[in-house]
2 protein chains.
Amino acid sequence: MIYRELFKEYHAMHRPYMNMLNELLSKHQLFSSQWGIMRTLKLEGPKNIVEIASIFYIEKPSASNLVRKLAELGYVEAVQGKDKREKIIRLTQQGETVFTEVSETIDAFLSSIVEGISEEDQRTVISALETIRKNLLK
Amino acid sequence: MIYRELFKEYHAMHRPYMNMLNELLSKHQLFSSQWGIMRTLKLEGPKNIVEIASIFYIEKPSASNLVRKLAELGYVEAVQGKDKREKIIRLTQQGETVFTEVSETIDAFLSSIVEGISEEDQRTVISALETIRKNLLK
DNA sequence: TTAATTAGTTAGCCTAACTAATTATTTATC
DNA sequence: GATAAATAATTAGTTAGGCTAACTAATTAA
């Protein structure tokens with residue numbers, strides 16, 4: 001029954017975490033969902049809408065909307081692929097610059113909130129969360 | 001930089017988890033936020049709106065709304081305290097019954113998704129999440 | 001007694017998701 | 001090669017689940 005406590009603590013930390021994350025991102029007119037997309041585009045390269053939806057386990061219209069907002073901010077742009085229906089989304093130059101800036105803020109924030117957790121324990125957490133996700137998807 | 005991976009995995013599992021949880025709860029017209037309140041009232045006894053807001057790190061109007069919806073479902077009721085402004089919220093008889101029923105479903109679900117994670121590792125995760133929450137709140 | 005505080009609600013806003021239906025294009029089938 | 005089926009993306013409309021500002025009613029402090 002220890003898992004009860006696990007998910008209780010999970011829910012307890014979620015809102016304070018999201019609130020703080022969004023507060024930090026708001027200085028750049030960003031929200032966590034949009035930031036997630038920027039991070040993915042930076043680390044994994046350009047992606048189309050279907051790919052973005054699948055990476056974040058959201059529906060296409062949700063992904064499409066988030067990308068539209070990022071494009072309005074000037075942080076991403078679409079290039080047409082071979083397939084004329086497809087929009088390949090990538091960071092703009094401005095997006096790259098903002099990413100670098102925000103990345104520092106977020107890194108400082110994240111490293112501050114894991115203070116007191118050993119690297120070994122962090123690895124255990126990663127592996128546990130991964131197991132949970134995989135159990136959910138099967 | 002291992003914390004980057006930790007929060008990446010955190011976000012990756014969050015949506016599949018919430019989707020499944022809400023799907024299970026929907027059979028009883030419940031959502032995860034409402035379920036959280038029912039669980040708290042069951043395990044910790046009656047609470048007023050301010051206490052509920054503080055436990056879930058949400059604002060008073062948000063707590064008030066969630067309680068109103070639970071009351072409309074007939075799962076909770078308010079009794080007046082000594083202070084006439086105060087509403088002390090508790091589970092109704094129907095709420096108790098539903099809690100027991102749903103609890104079984106949710107327990108089965110949660111235990112299925114932690115399959116493959118040792119109890120020791122689960123304790124490590126709990127302790128890590130708790131550390132993060134406390135770092136966030138200081 | 002009056003001012004400040006507190007509990008709760010109402011109204012209106014926003015993010016972040018969803019489904020259903022539509023358009024444009026590509027791929028598969030006959 | 002024509003047509004049917006599938007796919008990429010969008011539009012329109014809905015919802016949960018938060019938020020702030022402003023309010024009423026009751027309590028506490030000055």
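What you see below is based on every heavy atom in this structure, not just the backbone, and it leaves out hydrogens, waters and symmetry mates. In what follows, every chain begins at residue 1, and chains take the letters A, B, ... in the order their sequences are listed.
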Can you check the A/Arg68 CZ to C/dA16 C1' distance for me, whole Å? 12 Å
Check every strand shown and say whether B/Lys69 touches a base, only sugar-phosphate, or nothing at a heavy-atom separation below 4.0 Å. nothing
Separation of C/dT15 C1' from A/Leu21 CG (nearest whole Å): 13 Å
Between A/Ile52 and A/Ile88, is there a shared hydrophobic cluster once you connect ILVMFWY residues whose side-chain heavy atoms come closer than 4.5 Å? no
Find the distance A/Glu86:CD to C/dT27:P and express it as a whole number of Å. 11 Å
A/Ile58 or A/Arg85: which one's nearest nucleotide on DNA chain C is closer to the 5' end? A/Ile58
Do any side-chain nitrogens or oxygens of A/Ser32 fall under 4.0 Å of OP1 or OP2 in C/dA16? yes
Mind checking which nucleotides bracket the chain A contacts on DNA chain D, 5' to 3', with an atom under 4.0 Å from a heavy atom? D/dA6 to D/dG18
Restricting to pairs with a member in residues 24-65 of chain B, which pass ring pair (Phe, Tyr, Trp, His ring centres under 6.0 Å), not counting sequence neighbours? B/Trp35-B/Phe99
Classify A/Asn48 by what it touches in the nucleic acid, base, sugar-phosphate, or nothing, heavy-atom distance under 4.0 Å. sugar-phosphate
Got more than 12 heavy atoms from elsewhere within 6.0 Å of CD, B/Glu5? no
Say whether A/Asn48 and A/Glu86, considering side chains only, have a donor N or O and an acceptor N or O under 3.5 Å apart. yes
My understanding is that only residues two or more places apart in sequence, or in another chain, count here; which of them pass ring pair (Phe, Tyr, Trp, His ring centres under 6.0 Å) with B/His11? A/Tyr17
Rounded to whole Å, the CD-C1' distance (B/Glu59 to C/dG12) equals 16 Å
For A/Leu25 and C/dT15, give me the distance from atom CG to atom P, rounded to whole Å. 13 Å
Over 12 non-hydrogen atoms of neighbours within 6.0 angstrom of CD in A/Glu115: no
Applying a 4.0 Å non-hydrogen cut-off, can you work out what A/Lys84 is touching in the nucleic acid: base, sugar-phosphate, or nothing? sugar-phosphate
With nearest nucleotide decided by heavy atoms, which residue, A/Pro61 or A/Ser33, maps closer to the 5′ end of DNA chain C? A/Ser33
Measure from CZ on A/Arg15 to P on C/dA16 and round the result to the nearest Å. 11 Å
Send over the distance from A/Leu70 CG to C/dT15 P, rounded to a whole Å. 13 Å
Would you say the rings of A/Tyr3 and B/Phe109 are close, in the sense that their centroids are separated by under 6.0 Å? no
Does A/Lys87 or A/Asn19 map to a spot on DNA chain D nearer the 5' end, using the closest nucleotide for each? A/Lys87
